[in-house]
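Taking it in order: structure first as structure tokens, then the write-up.
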Amino acid sequence: MLSDPSSSPARRTLRARRTRRRRALPVIAVAAAGIVASVGLTLAPPSLAAAAASPLTASSAAVAAAASVLPATESLRDVAADADATLETGRLALAEAAATDAEIVGSGLELGAENSTIDTTRLRVAIAELANLDIVPLLLLPDAADDVATQTRTITARIAELRERLDTARTQRAAEEAAEEAAAAAAAAAAEAQRQAEAAAAALAAANTPEGARATAQAMAAERHGWGADQFSCLNSLWEKESNWNYQAYNASSGATGIPQSLPGSKMATAGADWQTNAATQIAWGLDYISRAYGSPCAAWGHSQATNWY
């Protein structure tokens, strides 16, 4: 019987060598894919060469390229899945960190000595650490996923801290703005009160002049007593003779005071506490006195012409 050529020692040796070569190919291919992705060799496929521009993307691309070239074992798939999840978390943390930093800078808030501003230095350092993280392809060094996860957690914690400080700064700024608005409103109210006081003082000064006192007396005589122009003519003559319409007039010999020459002057307090400084108060008292004592200004003027007093 002829012997089987395939069972010869030479054939068995060749077959064993081929088997070992086939088993080594996946490992070599996986290592080559990781090395090409990490160093950016021109031999890498276009997708890997483009992904190598970013350390985060390069690692994920290396996983995808290796998995597409050679079948992976169950443990390799698990490492790849964990790596992709960690990288995605890192990308989200990086994006949120950049957004938080931009929001802080854009709002103009930076926590400083007076706790009114936010210092973004720590966040900027954390962003740089994650963005520049050089990850050795995770298929070759699975433990690198732990490094990414650790830095991701660190950045996420810093983001939360800075967001809390940003909220605190915003609350403080809102309180400061409310206080500023209240102070502005109080200042405006004070300015308005000052304006009104000045206007009242100006009106009083104008009313205390002889011309102002005449105008006040004519209006008051018509409104309160129904006396017209004829009666005001008598009143004008009477008080022109008594005081020249001077609210500060004072007769040293008798003590008669003011426009109506009240004797004593304190009688005019019944018309107002400001009788010494306000011509209108003196006029109100004098018109009431004439009405009670003589009935009309012309009657009082007639008595004054006859007796030299009224």
Side-chain angles (χ1 to χ4, degrees), residues 34 37-40 47-48 50-64 67 75-191:
S38 64
V39 301
S47 59
L48 285 181
S54 168
L56 292 176
T57 339
S59 298
S60 180
V63 173
S75 60
L76 189 60
R77 291 192 188 98
D78 293 342
V79 171
D82 291 344
D84 279 343
T86 301
L87 289 172
E88 181 60 24
T89 304
R91 292 188 190 98
L92 293 176
L94 179 60
E96 185 179 2
T100 302
D101 186 43
E103 181 182 3
I104 292 170
V105 173
S107 66
L109 301 177
E110 297 189 49
L111 285 181
E114 297 182 359
N115 202 31
S116 61
T117 58
I118 288 188
D119 182 5
T120 61
T121 303
R122 292 182 61 195
L123 180 58
R124 293 176 187 274
V125 171
I127 293 173
E129 288 175 356
L130 184 59
N132 297 326
L133 183 61
D134 186 12
I135 303 175
V136 177
L138 299 180
L139 289 177
L140 301 180
L141 295 176
D143 291 342
D146 295 336
D147 295 337
V148 177
T150 299
Q151 295 201 34
T152 299
R153 284 193 298 270
T154 299
I155 291 175
T156 302
R158 290 179 182 177
I159 291 172
E161 176 191 351
L162 287 175
R163 284 198 180 281
E164 182 179 356
R165 295 175 67 188
L166 178 62
D167 291 340
T168 300
R170 282 175 173 166
T171 301
Q172 181 178 349
R173 176 64 59 84
E176 291 174 354
E177 290 177 351
E180 290 173 358
E181 290 177 359

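Both backbone and side-chain heavy atoms feed into the values below; hydrogens, waters and symmetry mates do not. This one's a predicted model, so the numbers in the text were calculated from it and none came from an experiment.
- Atoms OG1 and CD, from T171 and E176 in turn, are 11.0 Å apart once rounded to the nearest 0.5 Å.
- Going from atom CZ of R170 over to atom CD of E177 covers 12.0 Å, rounded to the nearest 0.5 Å.
- Shown here is E164, whose CD atom has no more than 12 heavy atoms of other residues, nucleotides or ligands within 6.0 Å.
- Rounded to the nearest 0.5 angstrom, E180 CD and R173 CZ are separated by 8.5 Å.
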